[in-house]
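First the structure, in the form of structure tokens, and then the observations on it.
So that the names make sense, note that chain A is the first sequence line, chain B the second, and so on, each numbered from 1.
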There are 2 protein chains.
Amino acid sequence: MTVGSNLAEVASLVGDPARANMLAALMDGRALTATELAYVGGVSASTASAHLGKLEAAHLLSVVKQGRHRYFRLASPLVSRMLEGIMTFAAIGGPPRYRPHGPKDAAMWLARTCYDHLAGRLGVALADAMVARGYVVLTDDAGELTPRGEAALGDIGLAVDSLQHAHKRVFCRPCLDWSERRPHLAGTVGAALAHHCFDRHWIEPIRDSRAVRITPAGQIALRKDFGIDLS
Amino acid sequence: MTVGSNLAEVASLVGDPARANMLAALMDGRALTATELAYVGGVSASTASAHLGKLEAAHLLSVVKQGRHRYFRLASPLVSRMLEGIMTFAAIGGPPRYRPHGPKDAAMWLARTCYDHLAGRLGVALADAMVARGYVVLTDDAGELTPRGEAALGDIGLAVDSLQHAHKRVFCRPCLDWSERRPHLAGTVGAALAHHCFDRHWIEPIRDSRAVRITPAGQIALRKDFGIDLS
DNA sequence: GAGATGCTTCGGCCGCGAACGAAGCGATCG
DNA sequence: CGATCGCTTCGTTCGCGGCCGAAGCATCTC
């Protein structure tokens, strides 16, 4: 059958541990080199090359050559969405899971990027705050920024108007958080919020990880603007 | 890493052709017996048993024993969503695809069920009609039933009020159609619409397939109520 | 009861594909 | 201009996992 075979074909590409780790590492939207991906995949350069070739051939990844490096990134938001769907199931739909062990995991649980927006306790807390204050309305699948929310974001210096008419990309949508098992903010609004936090140095990336650290300044600002305290 | 391994684990389960075909067959929400699934998977009963055991262990499928039969169904809407995500990518995100060949494919392209709602040319045409008439508003991710739409559906005998307050399940959302590459209606509204069409015998299931046939009565009713003509 | 039917368990076979190292090629650096 | 680095290609090895058929255990039918 036409349908099933495509399904299996794509899923089996994601179904290899090395490739899955590579894809997961690219979930934050960055582009990584073949060597970096070999490392996160836990395989040799030659093996990684074969994997990356397959992922590119299937259009899961796009590649851009720059000098002697080859930078890979997820080929489209559709890929990110697909992976998100699988990870969400893996985290909350599958067999019961356990809480984090290592300190690295702990950081991931606290705050991390998810493609281009924020997830973890911080992401969920932000979404909660936005909802509680009537800035956004969220259902399971849809989200909407209220006029009140638009104004409030404007007050803290987040230019929402310029984004507003981006009808093509999704403006505001919930994204199920695999660690908190509750929705956080994705879409244009979620991305803008994340950018804002980075710009103001409320958060900063943690090396070699999707996790982010909340700076002292961020602690203060988040409490002041959103009533968030993640101690 | 914790994340990647779960991702690979789940994806590899879907990544086997036999299992993928079984899962695809269950996408319409029905429950099938082990023997039926062995058939759609194209494998022997013993092999199917092993596959189904794995899918159940990973909580992709739930099983209910009835007499000497074991009925399998997708364990949760989360699984359906995950598969939907992969199929969507496989259909439109991957390498360029081709149009149908066999008559069976043709029927699938014309009209079929997608979990619990309608897809194919019919599904897309219904969504288009609903939008064109101002019954619903659709963005890429969200959907909303307008008061006008609510009234109109009421006129043709579709009790929408009773569904309205089902806040838990998603009320109305778009679902990307892999054959038409355009959204059709999913969510509670999409499901209610599909049920309505079945109840009135506007459409009827085609044996051993997710495809549905549009009855002569359906042709007339669809044209009258929605201005749809799929000749 | 005997005989189907539905499904699982067991044992053994086989092939795909992931793995590595060595070698080659192109780009960059000193 | 070598030397180094980033990546790919090639040839080979090897183990996991899918496959089947035979046998076994239920359950329903007559």
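Rounded to whole angstrom, the span from the CD atom of A/Glu56 across to the P atom of D/dT8 amounts to 9 Å. The nearest whole Å value for the distance from the NE2 atom in A/His51 to the C1' atom in C/dC16 is 14 Å. In this structure, B/His69 places its NE2 atom 13 Å from P of D/dT27, rounding to the nearest Å. Summarising the geometry, the separation between CG on B/Leu37 and P on C/dG6 is reported as 14 Å, rounded to the nearest angstrom. In this structure, A/Leu55 atom CG and C/dA18 atom P are separated by 10 Å, rounded to whole Å. The CZ-C1' distance, from A/Arg19 to C/dA19, rounds to 12 Å in whole Å. B/Glu36 places its CD atom 14 Å from the C1' atom of C/dT5, with the value rounded to the nearest Å. With rounding to whole Å, A/Gln66 atom CD is found 10 Å from C/dT28 atom P.
Looking at which nucleotide of DNA chain C each of B/Leu52 and A/Gly42 is closest to, the 5′-most match is held by B/Leu52. Comparing B/Ser49 and A/Gly41, the nucleotide of DNA chain C nearest to each residue sits closer to the 5' end for B/Ser49.
Residue A/Arg68 places no side-chain N or O under 4.0 Å from the OP1 or OP2 atom of C/dC25. The side chain of A/Thr47 places an N or O atom within less than 4.0 Å of a non-bridging phosphate oxygen (OP1 or OP2) of C/dC20. For A/Ser44 and C/dC20, the shortest distance from a side-chain N or O to OP1 or OP2 is below 4.0 Å. Between C/dT8 and B/Arg70, a contact under 4.0 Å exists linking OP1 or OP2 to a side-chain N or O. Side-chain nitrogen and oxygen atoms of A/Lys54 include none within less than 4.0 Å of the OP1 or OP2 phosphate oxygen of C/dG17.
Here the straight-line distance linking atom CG of A/Leu61 with atom CZ of A/Arg73 works out to 10.5 Å at 0.5 Å rounding. Separating the OG atom in A/Ser80 from the CG atom in A/Leu23 is a distance of 10.5 Å, to the nearest 0.5 Å.
The side chain of B/Ala18 approaches D/dC19 more closely than any other nucleotide in the set D/dC19, C/dA18, D/dC20. Of the candidates C/dA18, D/dC19, C/dG21, the closest approach to any side-chain atom of A/Ser46 belongs to C/dG21.
Applying the side-chain contact (heavy atoms from CB on, under 4.5 Å) test between B/Leu83 and each of B/Leu74, B/Leu78, B/Leu60 identifies B/Leu74 as the sole match.
Between B/Trp202 and B/His196, the ring planes lie perpendicular to each other; the angle is over 60°, past the 30° to 60° tilted range.
Side-chain N/O atoms of B/Ser46 and B/Ser49 include no donor and acceptor closer than 3.5 Å.
When heavy atoms are screened at a 4.0 angstrom cut-off, A/Ala34 is found touching the sugar-phosphate backbone but no base atom.
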